[in-house]
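The next block holds one structure in the form of structure tokens; read it before the comments.
In what follows, every chain begins at residue 1, and chains take the letters A, B, ... in the order their sequences are listed.
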Number of protein chains: 2
Amino acid sequence: MSSSKVTINEVARQAGVSIATVSRFLSNPFSVKEKNRKKLEKVIKKLHYQPFVYARKLAGGKLGVYGLIIPGYEGIFNSFYALELIKGVGFSLERKNIDLYLHIFWTKDRFNISLVDGVIFADVIANQEQLKRILKEKLPCVVINKKVEELDVSFVAVDNFRGAYQATEYLITQRHKRIAHLAGDLRVQCAQERIEGYKSALIENKIKVSDKYIKVANFSYLEARRCLEELFDTSSPPTAVFAASDEMAEEVLNFANRYKIKIPEQLSVIGFDDNPLCIQGEIKLSTVRQPLKEMASLGVDVLKEQIEKKKENIKRLVLSPQLIIRESVAPFKRS
Amino acid sequence: MSSSKVTINEVARQAGVSIATVSRFLSNPFSVKEKNRKKLEKVIKKLHYQPFVYARKLAGGKLGVYGLIIPGYEGIFNSFYALELIKGVGFSLERKNIDLYLHIFWTKDRFNISLVDGVIFADVIANQEQLKRILKEKLPCVVINKKVEELDVSFVAVDNFRGAYQATEYLITQRHKRIAHLAGDLRVQCAQERIEGYKSALIENKIKVSDKYIKVANFSYLEARRCLEELFDTSSPPTAVFAASDEMAEEVLNFANRYKIKIPEQLSVIGFDDNPLCIQGEIKLSTVRQPLKEMASLGVDVLKEQIEKKKENIKRLVLSPQLIIRESVAPFKRS
DNA sequence: CAACTTTATTATAACATTTTCTTTTTAGGA
DNA sequence: TCCTAAAAAGAAAATGTTATAATAAAGTTG
């Protein structure tokens, strides 16, 4: 099987030092004298020695592998959000020479915690069963994109309320009054927060909140289509739509195109995410940019700190989204 | 750190057997007598015992983790192909109770082979450096979506030549003669094969192959747009386009929409992949369906077999794609 | 330059599991 | 009931690494 396995013993022998020295060299090269350091560098290179992570972990060392846990809900891989997160975490770890163990909960939510040094938990949907287990086992952990106030755990999240508020407020400054909202999956915290932000903006601007303008489309373009049919099949259709994701917002554009509704002249649209999709089509979509890369990279930093300095220093970061105005919004004009 | 870690020792103690018996129970429950088996089942459940995969591997056992290696080229995560593959492998492994270690080559192509029992190698772009290293280390390995005839390795691939041939041939049966091809990234084998399939279909139907109808758009919709501008800025623009991916084909639809070219009446289009995108827009895109899920699942099966039966039985499978006709093709009519 | 302090190195004991080799138990005849 | 063969269980070695404690080497100071 594993052919000519090069072990720390062989390295030690060829370098003429003890295995302890090799081990120390590996974890901190400057803890061995220059002469030995040079020698070890050479031997390790020559033998293509790679430490055996199992033995290392078994002996109480670090694995050099961080886990990223994300939910495997249908459509996860059409979800800009998840992919951007994976990419962000992946890049960030690679720069730190740490391996990424990406765990997706497809159907079962079993996760073998011994596979990693710590986890970034992005499973925003699932019940907190797994998260609690991880915490109970004292595995270093950072939650991403969810403000888990009720548990003793670090998190890095985005201020979804504020993003939604800003988007809605902007539509109001453009004199829109009948503003609809295409909401995301209600099991997801950020979808809830976006609804709240939307409502707050209306209320503070003395516009009545009406349930018939709030449609739950579960972040799905297909459901968005259905919702739009309902939304526009009334005597007072909205003059603006704020969607909780760009994919749903894009569907508004498609819908408008089909029914010859002019955008932005007859209907204004704002999305959420800043998906490349926004600038792909004919009409460039205005949106709320989520700092996903920053969130991922901060998540990695917080986790690394927690793993290395063993002190349990809980950090809670909330990042600000940014409203990006493009072509899909125009001031309301009585037609 | 790792708090109250439950080990095999504790299980053995509580069940009143030796650790060897527990170990044997774990690898084959029916190798221990009923009384002990029942007892062990109960104790393991009670303690939530999870074997420590590293100690297991160190002692010569299996890890229960398979690797999937994919290239981290820019755009990987907008690539339907890669995502479908990840999903396919993930599901397939979960059904077998095996963990997936997803390794993406972002910038460096370092990969710690000791993290897995074997790998599915989908890095179709990178040089074969890593693949050769894996083979040299005798790590069980299956290549996916690339026919690596020159190395002693199993693979599961799709007959891209045939898919491209069928698509092009279908356009020819619809009386098209000026058929353009939007090609993918030439570094990728399947892009090459699709070009060959396209050319063959033309040649065998006595249509002259012209380089000005073959444009390399690297699987990118932006480059596709540029290519289309060139393609239609001539006195004899194509009457049909066969694109090597649905994303590029979709861009043909956008392009046509912008220039008021009617699809399919004035321009026929066929894509490749069977991306959900195809049925998302106004005009349902005809395409060549790649059996990606099947490929992933077969890849897993072949790898598992290789890992379990140690004999080196090289398997090479080529799956057939399927032409799917929707709305984007019409017979050629002189205008 | 001796005595002491700091720094560098080494020997060795874990770590949790599997495997091989023994030993014990069970089952099946005679 | 005894003997033998087969099945089940156990003891102990081995796996590659790190951490701890002990030792050796190198500096520093009076």
Mind checking if [X] touches a base, just sugar-phosphate, or nothing, with heavy atoms under 4.0 Å?
X	result
Val53(B)	nothing
Tyr49(B)	sugar-phosphate
Phe25(A)	nothing
Val22(B)	nothing
Thr21(B)	sugar-phosphate
Ser23(B)	base

Cationic N near anionic O, under 4.0 Å, Lys38(B) to Glu41(B):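 Not counted as a salt bridge, because no side-chain N and carboxylate O are separated by less than 4.0 Å.
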
Should Lys147(A) and Asp159(A) count as an ion pair when the cut-off is N to O under 4.0 Å?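 No, no charged N to carboxylate O under 4.0 Å.
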
Nearest-0.5 Å distance that lies between atom CD in Glu308(B) and atom CG in Leu303(B):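 Output value for this atom pair is 9.5 Å.
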
Atom NZ of Lys46(B) with >12 non-hydrogen neighbours under 6.0 angstrom: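 Incorrect, the count does not exceed 12.
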
Evaluate whether atom NZ of Lys315(A) has more than 12 neighbouring non-hydrogen atoms of other residues, nucleotides or ligands under 6.0 angstrom away.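 No, because the 6.0 Å sphere around NZ of Lys315(A) holds 12 heavy atoms or fewer from other groups.
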
Rounded to the Å, how far apart are [X] [atom1] and [N] [atom2]?
X	N	atom1	atom2	value
Lys57(B)	dT19(C)	NZ	C1'	16 Å
Ile19(A)	dG16(D)	CD1	C1'	8 Å
Glu10(A)	dG16(D)	CD	P	12 Å
Lys35(B)	dA9(D)	NZ	C1'	11 Å
Leu26(A)	dA19(D)	CG	P	11 Å
Leu47(A)	dG16(D)	CG	C1'	15 Å
Arg13(A)	dT10(C)	CZ	P	15 Å
Asn28(A)	dA8(C)	CG	C1'	13 Å

Earlier contact from the 5' end, DNA chain D, for Pro51(A) and Gly16(B):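 Final value for this comparison: Gly16(B).
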
Considering just the side-chain nitrogens and oxygens of [X], establish if one lies under 4.0 Å of OP1 or OP2 belonging to [N].
X	N	result
Arg56(B)	dA16(C)	no
Asn36(B)	dA8(D)	no
Ser18(B)	dG10(D)	yes

Measure from the side chain of [X], starting at C-beta and using heavy atoms only, and say which of [options] lies closest.
X	options	result
Leu58(A)	dG10(D), dC15(C), dT18(C)	dC15(C)
Lys33(A)	dA11(C), dG16(D), dA8(C)	dA8(C)
Ala59(A)	dC15(C), dA12(D), dT17(C)	dC15(C)
Ala20(B)	dT17(C), dG10(D), dT17(D)	dG10(D)

Students often mix this up, so state it plainly: with edges at 30° and 60°, are the rings of Tyr54(B) and Phe52(B) parallel, tilted or perpendicular?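 Perpendicular, since the angle between the ring planes exceeds 60°.
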
